[in-house]
Student: 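Pasting in a structure now, in structure tokens, and then I'll have a few things to ask.
All of these numbers come straight from a predicted model, not from anything done at the bench. Every chain is numbered from 1 and lettered A, B, ... according to where its sequence line falls, protein lines coming before strand lines.
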Number of protein chains: 2
Amino acid sequence: MLSKKAQYAFRALSTLVRRDLARRNEQNAPESSAFDAPTSISNMVQIHPMSTKFLETILLDLKRGGILGSKKGKGGGYYLLKHPDDTPLAQVIRILDGPIAPLPCVSLHFYERCHDCNEAVCGLNRLMAEVRDANLAVLEQRTLSDLAVHPEGAAASA
Amino acid sequence: MLSKKAQYAFRALSTLVRRDLARRNEQNAPESSAFDAPTSISNMVQIHPMSTKFLETILLDLKRGGILGSKKGKGGGYYLLKHPDDTPLAQVIRILDGPIAPLPCVSLHFYERCHDCNEAVCGLNRLMAEVRDANLAVLEQRTLSDLAVHPEGAAASA
DNA sequence: TCTTTTTCCCATCGGATAGGTAGGAATTAA
DNA sequence: TTAATTCCTACCTATCCGATGGGAAAAAGA
């Protein structure tokens, strides 16, 4: 299960993505994220109500994780460092929740040796690697852009 | 990530599966699990070293979950209620760790409404349902039998 | 009947983690 | 100078994870 951190992160990111895509559209500037339109925490909380302080720590994590940039002071806030298409959901989850794999011994980014089994012949290892791959097939393919897409062109936000 | 409970469960189950399959093979009795060959906790711990007391609670969970049967007293122990082919890994995980889905609002067996989003238009909901399906494609298909299979006919256990 | 071996049940416990809060320093724009 | 913002450190509380202890109940064998 995703932690609250990851869930809130996706909420906040969906706001940033929608703004980012809208700006690109109106400015007809498909390349490189601009640094001029940061969104403040208080702004994000207005759109998706949640604890301001908690969101603060989450956005800091996303910044340290290389997904967001920030601008301090009046008019400051956070912005996407890359095009939404270029940040897979897997990256967000790894930053906030750690490993995606169901076992440390099959994790790609957080590997830890399994001390009481031989990985080459361990049935569980092999099966959980399958599960990991099934997850990654979705989470590395889907990106922040997909967060903002609504199937039937519905208007409400989420 | 799987809990230790689930990991230990799979270890213990792999012992039961191997015994079960071996017995079926030598007795040439393909139908219905026999009730005459229970394996005790102390026996399982000898094969896969772990806390006896902890394994006790795990096996009790598996029994309540409908996977194992038990026999008390001298010569007693636990045994599979069904053919190993007929217990998907998903069932084991649900008993010990709860939901497989990454969010309660996309869980099939542990569904909980998502109070601050409209599921019909929530981008995250839709994406996490994809993740859930990718997981289930493996975990409902693979069974206890797959736990006991070693790819290259290696001899060591795991 | 008595003893041994087992499952079964209930209570507890220490440490870690999740989720969230508090207070203030540093930076920036107006 | 002031107001708005990010940034940083520390803390807090409740829950859960992993594990243990002490028996009661059942069954088999001597």
Side-chain angles (χ1 to χ4, degrees), chain A residues 1-12 16 35-46 48-65 67-81 93 95-99 102-104 110 115-116, chain B residues 1-12 16 35-46 48-65 67-81 93 95-99 102-104 110 115-116:
Chain A
M1 300 274 284
L2 289 184
S3 67
K4 293 286 179 192
K5 260 189 175 171
Q7 292 181 49
Y8 293 158
F10 283 125
R11 295 254 170 96
L16 294 180
F35 297 80
D36 56 348
T39 302
S40 72
I41 293 177
S42 53
N43 230 270
M44 297 183 208
V45 169
Q46 284 176 347
H48 290 296
M50 64 183 96
S51 157
T52 300
K53 270 300 197 182
F54 196 34
L55 181 56
E56 192 183 302
T57 70
I58 293 166
L59 293 170
L60 239 8
D61 286 341
L62 290 174
K63 186 193 172 182
R64 296 193 189 105
I67 289 179
L68 298 182
S70 67
K71 187 169 178 299
K72 283 187 183 179
K74 206 166 193 172
Y78 293 88
Y79 51 88
L80 295 172
L81 283 175
I93 294 175
I95 290 170
L96 295 159
D97 286 1
L103 290 178
F110 300 85
H115 57 293
D116 41 5
Chain B
M1 299 273 284
L2 290 183
S3 68
K4 293 285 181 193
K5 260 188 175 174
Q7 292 181 49
Y8 294 157
F10 283 125
R11 297 255 171 95
L16 295 180
F35 297 79
D36 57 348
T39 301
S40 72
I41 295 178
S42 53
N43 229 269
M44 298 184 208
V45 169
Q46 282 176 347
H48 290 296
M50 64 183 95
S51 157
T52 300
K53 268 302 198 180
F54 196 33
L55 180 57
E56 190 184 303
T57 70
I58 293 166
L59 293 171
L60 239 7
D61 285 341
L62 290 174
K63 186 195 171 179
R64 295 193 190 107
I67 289 179
L68 298 182
S70 67
K71 186 168 177 300
K72 283 189 183 176
K74 212 167 190 173
Y78 294 89
Y79 52 88
L80 295 172
L81 283 176
I93 295 176
I95 290 170
L96 295 159
D97 287 0
L103 289 179
F110 300 85
H115 56 293
D116 42 4

Student: I need the NZ-P distance between B/K74 and D/dA30, as an integer number of Å.
Tutor: 7 Å
Student: Students should find this one: the first and last nucleotides of DNA chain C, 5' to 3', lying under 4.0 Å from a heavy atom of chain A. What are they?
Tutor: C/dG19 to C/dA29
Student: State which residues pass ring pair (Phe, Tyr, Trp, His ring centres under 6.0 Å) with A/F54; sequence neighbours excluded, sorted by chain then number.
Tutor: A/Y8
Student: According to salt bridge (charged side-chain N to carboxylate O under 4.0 Å, His left out), who are the partners of A/D61, at least two apart in sequence or on a separate chain?
Tutor: A/K5, A/R64
Student: Whole angstroms only, please: what is the CE-P distance between B/M50 and D/dT20?
Tutor: 13 Å
Student: Test side-chain contact (heavy atoms from CB on, under 4.5 Å) on A/L81 and A/L68 and set out the steps.
Tutor: CA-CA 5 Å; A/L81 283 175; A/L68 298 182; 5.6 Å; no
Student: To the nearest Å, give me how far apart CD (A/Q46) and P (D/dT5) are.
Tutor: 10 Å
Student: So, is A/S40 near the phosphate of D/dA4, with a side-chain N or O under 4.0 Å from OP1 or OP2?
Tutor: no
Student: Looking at residues at least two apart in the chain, or sitting in another chain, which of them share a side chain to side chain contact (heavy atoms under 4.5 Å, CB included) with B/S70?
Tutor: B/K63, B/Y78
Student: Tell me which residues in residues 51-59 of chain B put a heavy atom below 4.0 Å from DNA chain D, sorted by number, or none.
Tutor: B/S51, B/K53, B/F54
Student: Could you list the residues that satisfy side chain to side chain contact (heavy atoms under 4.5 Å, CB included) with A/A9, not counting sequence neighbours?
Tutor: A/I58, A/L62, A/V92, A/L96
Student: Reading DNA chain D from 5' onward, which residue's closest nucleotide shows up sooner: A/G73 or B/G75?
Tutor: A/G73
Student: In this structure, how many angstroms lie between the P atom of D/dC16 and the NZ atom of B/K5, rounded?
Tutor: 12 Å
Student: Please report the distance, rounded to the nearest Å, between NZ in B/K72 and C1' in D/dG29.
Tutor: 19 Å
Student: Could you measure the distance from the NZ atom of B/K4 to the CD atom of B/Q7? Nearest 0.5 Å is fine.
Tutor: 5.0 Å
Student: Mind checking the CE-OG1 spacing from B/M44 to B/T39? Nearest 0.5 Å is all I need.
Tutor: 5.5 Å
Student: At what distance, to the nearest 0.5 angstrom, does NZ of B/K53 lie from CD1 of B/I41?
Tutor: 8.5 Å
Student: Nearest-Å distance, NZ (B/K4) to C1' (D/dC16)?
Tutor: 16 Å
Student: What heavy-atom pair brings B/L55 and B/A12 nearest, and what distance separates the two atoms?
Tutor: CD1-CB, 3.9 Å
